[in-house]
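Just below is one structure, and these are the notes that go with it.
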Amino acid sequence: MSGSKSIAQVIVDVPTKATDRPFDYLVPEALMSEVRLGCRVKVPFGPRKVLGYVVGLKDEAETPRLKAILDVLDFVPPLTPELVRLGFFMADEYMCHTMTALASMVPAVLKGTYEKVVRLHPEVDAQADSLLTLSAAPLLTHLREKKECLWDEALTLVANDAPLLRQLAEAKWIQVEERIGDRVTRQKVMWVRPKQSVNQLKQTLEQLSGRAKRQQEVLRYFIRHPEEIPLSSLLTELQVVRSTIQKLVELDALAWEEREEYRDPFKDRKFQPTKPLSLTEEQAEALQAIVQPIRDRRYCSVLLEGVTGSGKTEVYLQAIAEVLNTGREAIVLVPEISLTPQMVERFKGRFGDQVAVLHSGLSSGERFDEWRKIRRGEVKVAIGARSAIFAPFQQVGLIIIDEEHESSYKQEENPKYHAREVAAWRAQYHGATLVLGSATPALETYYHASLGMHEWVTLKERVHGRPFPAVKIVDMREELRKGNRTMFSDTLREELLACVERGEQAVLFLNRRGFSTFVMCRECGETLMCPHCDISLTYHQTNRTVRCHYCGYAERVPQTCPSCQSQHIRHFGTGTQRVEEELARRFPGVRVIRMDVDTTSRKGAHERLLKAFGEGKADVLLGTQMIAKGLDFPKVTLVGVIAADTMLHLPDFRAAERTFQLLTQVSGRAGRHEKPGKVIIQTYSAEHYSIDLAASHQTETFYKQECFMRKQHEYPPYCSLFTILISHPDRVTVMRTGQEMARQIQTGMPAECQLLGPVPAPIPRLKDRYRLQMLVKYQAERGHALMLKPLLREVVAMFDDPELRISVDRDAGELMEIRDGW
DNA sequence: TCCTCTGAAGCC
DNA sequence: GCTTCAGAGGAC
């Protein structure tokens, strides 16, 4: 190996097409031990300096004019070798830049910040002041006072004369430094400990001058408590100052050191330790199916189909215990909205401080701390929402995806990954077991299981043999014919009153997806629309504003119609706020807690409201999507669905599947304990199979029917999809581009593939951009993706108008744009 | 003739 | 994405 040089291959933080490949850099002798696979480095790139990830290391004899790595930013590489490989897989699979894929796997604080700082050059000649050009004077004066400033400030001080700054730097008047750092500094805490034995401390105490009262006090403290203590606690406890301690450190009596401290988000919470519960026969069988491949250390995916209330979580917990016994780690994914304190408590209760929790409620610093516990192997279980799938464990034995059908496992931004697919990749890499748990699996999971691609275990019974709630469908068209024009059917009204009278609780569910409160003029029929998007504005009572839920535009509700000046302008629709008003009017005295984006936007509000409901401070919990799952309140005996079909008519081929899943989940909230539950579903489409079959708990029949429908219309899982969405500020340009792009794809794609569109996207205009979409249906098992991916990449590259935005998504991501909660 | 503006080409 | 550099067109 004599004469050969060490080379690092680096993916640079310049996410563009042209730079989306590794660049080679020399590893300087001094950094040899620090430059490791997966760590972040600072490298020169063109005329500037950027951050990059080391994705490969090699030795080479010939190194034609390579630049060298400038610095290493991590002691422990944030990416394991496995995650580096996963990054390349994702870049290919989800058609994104490698840097984008790599960056998505680490906490946001490691994304790096760039700072260009200007300073006086240390060798600047004071006498040279006379040479100062007039235009540089303000900057140099400023630097004399402040020592340094940001590049942009410096530019302002020289009237935006960038060449002048360059000249000043060349003439060694100023120094320009590009700083690359983390977004937050790690929290550091000073610890103080005695450096001498108690006897030595006593000697030191006697040698102290009589005047050093404070120092004596501190020494006496350590003689009483010869243990380490955080500096801040010591200072407050003894009412001394830092310099007192410093003196004693200088005397070698004490020692202090800075230590990184974890911000523990659960610091003040006690978790009740729990023991494994005894399992039902079904549960035991399911557990066995999961545990066997864990013991064999082979890759295996298991669909755990368990009805609501069948005790899936206990199966998860015992499977995890088994993995920990084999010395390996477990990742648990749950949808963000069900990452409730109830859920966290169960895991913390069983596995204590072996658990790291990652969810969006944490500050970026707290998130980083939890992540570091995983990276350092200080915990064995990671539980979190979608991005927790990247938990940097090195011995993964089990990955569990709870409520695997949830759409929140699909990331809508680049990289547009599905956590289920990433999980399958990681499980295969590690020879781990993948568990997909749900009462209502995604249709494709169901289909794959039926083809034998997953092991398939079912939990058909609720624990303790509790019966399923009785579900009644109320046809709202009938109600209208009877003359009931309110949003509560007679049945729901009676049941609700009876429920409250019995002292029990009810949950009212309003599916606002695609159906929110809008403002319309009764005179001319004009609806208030967002000036930037083709979307009607949503009415918010709290501050009497209308808002666009897509771009955030907000304005006060106008007094008169902007189009005809009529005063008869008012809000329509069935937002949660209106249901709440109506409840107050029709059921005086009934206490309601409303949960929606308005009431839960503040940190911790979600938790607080649920706690209040659990403590019986309200009779009715009214809410959107966010109350559909995970909740388990013993006193809830009635569940009402105000309008079951609001999302049935969205332009989404999964509309029926979503409706079925949601209704099944909501119904599962009732009668989970001693008292039997009742569910009332109000709908205008009573005959639709998704509503009917959810009401009668006929899961199997629904899936068969839905598979039939998908096959008829050639939709997934019977084909695979690419969605291409293009947007442009100009309507004509986007249409012309769309046509041309479609022609290119059509010509290049395999003949068996099918191109649909371009057609206007479900939201034809968003944030002042016109949007078109195209759909390519293909057969993955015939290898079409292998041809389509390069083709789409090529076609996308051909249209490089900076105003044009193109997004390519496997599957139909765009149609799911309407997010839960809104 | 010099200067400014704009677009394209690297970047290891 | 940013910087530089070259080539075009404009003002003097």
Side-chain angles (χ1 to χ4, degrees), chain A residues 4-32 34-73 84 87-88 91 95-104 108 110-118 135 150-155 158-170 174-181 183 413-415 733 793-794 796-807:
Chain A
S4 78
K5 297 243 170 60
S6 215
I7 311 287
Q9 296 174 292
V10 176
I11 296 286
V12 290
D13 184 18
V14 184
T16 51
K17 215 175 328 114
T19 54
D20 189 24
R21 64 191 171 84
F23 285 80
D24 287 354
Y25 287 90
L26 284 173
V27 181
E29 203 67 41
L31 295 177
M32 211 62 117
E34 288 178 63
V35 175
R36 291 200 274 152
L37 190 66
C39 71
R40 296 174 306 153
V41 288
K42 181 178 168 182
V43 291
F45 194 67
R48 42 195 186 127
K49 298 170 180 80
V50 299
L51 179 146
Y53 278 98
V54 176
V55 297
L57 290 161
K58 57 183 180 184
D59 286 306
E60 244 164 52
E62 291 291 309
T63 56
R65 50 191 152 70
L66 290 186
K67 291 187 183 174
I69 288 175
L70 299 169
D71 207 356
V72 179
L73 286 117
V84 170
F88 281 101
M95 315 237 302
C96 68
H97 300 127
T98 313
M99 190 61 195
T100 312
L102 294 175
S104 70
L110 296 182
K111 296 245 157 70
T113 50
Y114 293 87
E115 237 183 18
K116 215 169 166 183
V117 184
V118 177
S135 45
L150 294 178
W151 174 265
D152 288 349
E153 295 173 57
L155 261 184
V158 294
N160 285 322
D161 190 351
L164 174 65
L165 285 187
R166 228 164 287 136
Q167 284 165 25
L168 288 171
E170 262 167 47
I174 58 169
Q175 239 181 356
V176 182
E177 187 198 352
E178 287 166 274
R179 262 181 226 164
I180 297 174
R183 273 162 206 262
E413 297 85 47
N414 272 330
T733 313
R793 239 188 280 264
E794 197 185 316
V796 166
M798 283 164 62
F799 298 84
D800 59 350
D801 176 350
E803 289 283 20
L804 181 75
R805 270 182 227 156
I806 308 170
S807 108

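First the proteins, then the strands, lettered A, B, ... as listed; each starts at 1. This is a predicted model, so every value here is computed, not measured.
Distance CG (A:D20) to C1' (B:dC12): 15 Å, rounded to an integer number of Å. To the nearest angstrom, P of B:dC11 lies 20 Å from CE of A:M99. Summarising the geometry, the separation between CD on A:Q9 and C1' on B:dC12 is reported as 11 Å, rounded to the nearest angstrom. If you measure from atom CG of A:L51 to atom P of C:dG1, you get 16 Å, rounded to the nearest angstrom. Protein atom NZ of A:K49 is 12 Å distant from nucleotide atom P of B:dC12, rounded to whole Å. Atom P of nucleotide B:dC11 and atom CD1 of A:I69 are separated by 18 Å, given to the nearest angstrom. Whole-Å rounding puts the A:R48 CZ to B:dG10 C1' distance at 11 Å. The CD atom of A:E60 sits 12 Å away from the C1' atom of B:dC12 (whole-angstrom rounding).
For the 3.5 Å distance criterion, the side chains of A:Y53 and A:D13 fail to qualify, holding no donor opposite an acceptor.
With C:dG1, C:dT3, B:dC11 as the choices, the nucleotide that has an atom nearest any side-chain atom of A:P47 turns out to be C:dT3. Taking only side-chain atoms of A:L66, from C-beta outward, the nucleotide of C:dT3, B:dC11, B:dC12 with the closest atom is B:dC12. Residue A:K67 has its side chain nearest to B:dC12 when only B:dC12, C:dT3, C:dG1 are considered.
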### Message
Assess the residue pair A:K58 and A:E60 against the criterion (salt bridge (Lys or Arg N to Asp or Glu O under 4.0 Å)); give the C-alpha distance rounded to whole Å, side-chain angles, the decisive distance to 0.1 Å, and a yes or no.
### Response
CA-CA 7 Å; A:K58 57 183 180 184; A:E60 244 164 52; 3.5 Å; yes
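With centroids closer than 5.5 Å and planes inclined by less than 30 degrees as the test, A:F45 and the base of B:dC11 pass as a stacked pair.
Test A:V35, A:V72, A:I11 against A:V54 for side chain to side chain contact (heavy atoms under 4.5 Å, CB included) and you get one pass: A:V35.
Looking at A:I7 and A:Y25, their side chains never come closer than 4.5 Å, going by heavy atoms from C-beta outward.
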